[in-house]
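Notes for the one structure printed next.
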Amino acid sequence: MNNSHGTNLSNTTSNATETTQNCWRKIGVWGDRSCPELKKQIHCRNCFIYAAAGRSLLEREAPLGYLDEWTETVTQDIPESYRLNAANRLSVGIFRLGAEWLALPAQLFKEVTQVQTIHTIPHRSNKILQGLVNIRGEILMCISMMELLGLEPTNAHQIDRQGQAVYPRMVVVTKDGYSWVFTVDEIQGIHAIHRDRLQAIPTTISKRTETYTKGLIFWQERRVGYLDDELLFYTLSRRVL
């Protein structure tokens with residue numbers, strides 16, 4: 001790429017960023033969600049305008065004395081109270097299957113993408129192993145988490161609390177060296193939950209779901225089942241691999 005073309009590209013990105021400054025807070029995911037690009041981009045973090053704004057922030061020169069101040073700050077001992085608070089935080093990815101809100105540890109989540117075509121495997125595909133999907137050039141096994149958990153599909157809750165339509169997404173998770181893909185009806189992203197908010201499972205929960213649930217989280221007035229990832233993916237491996 002020659003210098004003149006690179007300059008034009010930089011100017012175009014800069015102008016677009018200035019024109020739509022903070023658009024993510026106005027019409028994006030932190031605004032009224034009216035941006036026409038959201039359906040394609042899923043999240044503002046995937047948009048070049050948001051990325052360009054981030055680069056301009058990171059690439060600016062540090063103020064005088066800034067580096068020295070932060071060098072001193074990060075080398076100080078971390079307060080005991082902060083370490084205790086960090087130890088009590090639980091980072092989870094929250095999603096919906098049918099009418100059930102569920103959560104898995106955040107570190108398992110690798111990617112969230114639009115629903116892709118599932119290619120069945122001759123003599124192997126079944127209700128749990130649906131087939132193979134191509135995610136960014138990588139062929140991964142696609143499973144039905146609803147079938148594994150014994151949940152019933154539903155067409156309910158297709159509008160979120162802000163009155164916006166929600167769409168199914170495919171989630172890529174990695175566990176013990178294996179990557180799995182499954183479809184969710186809605187995903188709410190990664191959230192930090194205080195461990196004290198993780199409650200015991202009531203006796204009213206269904207027996208089959210109880211097998212894979214190790215606690216309940218009450219999040220935004222919703223009851224979210226925190227899944228036992230060790231048991232869940234151990235069972236999945238035994239039934240599929």
Side-chain angles (χ1 to χ4, degrees), residues 22 24-33 35 38-39 41-47 50-51 53-54 78 81-115 135 143 145-146 148-149 151 154 156-176 179-202 205 209-210 212-233 236:
N22 291 333
W24 50 88
R25 296 187 183 279
K26 300 173 183 177
I27 60 174
V29 295
W30 295 285
D32 60 11
R33 296 176 177 261
C35 178
L38 266 183
K39 184 175 181 180
Q41 299 292 348
I42 301 176
H43 198 285
C44 291
R45 286 191 290 262
N46 300 323
C47 178
Y50 187 85
I78 300 175
S81 59
Y82 180 85
R83 290 200 297 269
L84 289 175
N85 289 336
N88 286 331
R89 286 198 298 268
L90 185 66
S91 185
V92 298
I94 298 177
F95 55 94
R96 178 174 63 82
L97 294 176
E100 296 290 331
W101 285 94
L102 303 166
L104 281 168
Q107 64 268 22
L108 300 184
F109 289 81
K110 182 179 179 182
E111 184 174 352
V112 177
T113 185
Q114 293 177 312
V115 175
I135 305 293
I143 57 102
M145 190 64 75
M146 292 194 68
L148 181 63
L149 296 175
L151 301 177
T154 177
H157 310 296
Q158 296 302 304
I159 302 296
D160 66 14
R161 295 188 176 186
Q162 286 73 44
Q164 300 293 324
V166 295
Y167 302 93
R169 296 286 184 246
M170 277 187 167
V171 176
V172 183
V173 294
T174 301
K175 177 70 174 176
D176 297 330
S179 292
W180 307 91
V181 181
F182 60 93
T183 302
V184 299
D185 293 304
E186 185 177 347
I187 186 155
Q188 284 292 330
I190 304 299
H191 298 273
I193 305 295
H194 199 282
R195 289 185 182 274
D196 290 346
R197 296 177 63 184
L198 186 63
Q199 301 184 12
I201 307 170
I205 197 169
T209 306
E210 179 184 6
Y212 299 105
T213 306
K214 58 182 178 182
L216 289 177
I217 300 168
F218 287 88
W219 173 79
Q220 294 188 357
E221 300 180 357
R222 294 186 175 109
R223 189 180 75 169
V224 180
Y226 184 48
L227 298 173
D228 185 338
D229 58 298
E230 295 292 340
L231 178 59
L232 182 69
F233 288 101
L236 181 60

Notebook entry, point to check: Is any side-chain heavy atom of Glu186 closer than 4.5 Å to a side-chain heavy atom of Trp101?
Noted result: yes
Margin query: On a heavy-atom basis, which atom in Ile94 and which in Ala103 lie closest, and how many Å separate them?
Written below: CG1-CB, 4.2 Å
Notebook entry, point to check: Would a distance-only check, ignoring hydrogens and angles, find a side-chain to backbone donor-acceptor pair under 3.5 Å from Asn46 to Gln41?
Noted result: yes
Next item on the list: Please report the C-alpha distance between His191 and Ile217 in whole Å, then the side-chain angles of each, then the deciding distance to 0.1 Å, and finally whether the side chain to side chain contact (heavy atoms under 4.5 Å, CB included) criterion is met.
Entry: CA-CA 11 Å; His191 298 273; Ile217 300 168; over 6 Å; no
Next item on the list: Quick one: pull up CD in Glu100 and CZ in Arg223 and give me the separation to the nearest 0.5 Å.
Entry: 6.5 Å
Check: Rounded to the nearest 0.5 Å, how far apart are OG1 of Thr183 and CD1 of Ile143?
Finding: 9.0 Å
Next item on the list: Working to the nearest 0.5 Å, report the span between CG of Leu151 and CZ of Arg96.
Entry: 11.5 Å
Item checked: Inter-residue atom distance Lys214.NZ - Leu227.CG, 0.5 Å rounding -> 9.0 Å
Notebook entry, point to check: Are any side-chain N or O atoms of Asp228 and backbone N or O atoms of Leu231, one a donor and one an acceptor, separated by less than 3.5 Å?
Noted result: yes
Next item on the list: Quick one: do Leu90 and Tyr226 satisfy side chain to side chain contact (heavy atoms under 4.5 Å, CB included)? Show the steps, please.
Entry: CA-CA 11 Å; Leu90 185 66; Tyr226 184 48; 3.7 Å; yes
Next item on the list: Mind listing the closest non-hydrogen atom pair of Asp229 and Pro105 along with its distance?
Entry: OD1-CG, 3.6 Å
Next item on the list: Work out which heavy atom in Leu149 is nearest to a heavy atom in Leu232; give both atom names and the distance.
Entry: CD2-CD1, 3.8 Å
Notebook entry, point to check: So which of Val92, Val171, Thr174 actually passes side chain to side chain contact (heavy atoms under 4.5 Å, CB included) with Phe109?
Noted result: Val171
Check: Leu102 and Phe95: side chain to side chain contact (heavy atoms under 4.5 Å, CB included), yes or no, with the steps?
Finding: CA-CA 6 Å; Leu102 303 166; Phe95 55 94; 3.9 Å; yes
Next item on the list: For the residue pair Leu108 and Phe233, establish whether any side-chain heavy-atom pair is separated by less than 4.5 Å.
Entry: yes
Next item on the list: Write down the atom of Ile190, the atom of Ala106, and the distance for their closest heavy-atom approach.
Entry: CG2-CB, 3.7 Å
Checklist line | Which atom of Trp219 lies closest to which atom of Arg197, heavy atoms considered | finding: CA-NH2, 4.0 Å
Notebook entry, point to check: Would you say the side chain of Val115 lies within less than 4.5 Å of the side chain of Tyr167, judging by non-hydrogen atoms?
Noted result: no
Next item on the list: Starting at CD1 of Ile42, measure out to CZ of Arg169 and round the result to the nearest 0.5 Å.
Entry: 4.5 Å
Notebook entry, point to check: Is Glu111 reaching over with its side chain to a backbone N or O of Met170, donor-acceptor style, under 3.5 angstrom?
Noted result: no
Notebook entry, point to check: What's the verdict on side chain to side chain contact (heavy atoms under 4.5 Å, CB included) for Ile27 and Asp32, showing C-alpha distance, side-chain angles and the deciding distance?
Noted result: CA-CA 5 Å; Ile27 60 174; Asp32 60 11; 3.8 Å; yes
Checklist line | Contact summary for Asp185 and Met146, nearest pair of heavy atoms | finding: OD2-SD, 4.3 Å
Next item on the list: Kindly compute the distance separating NZ (Lys175) from CH2 (Trp180), expressed to the nearest 0.5 Å.
Entry: 12.5 Å
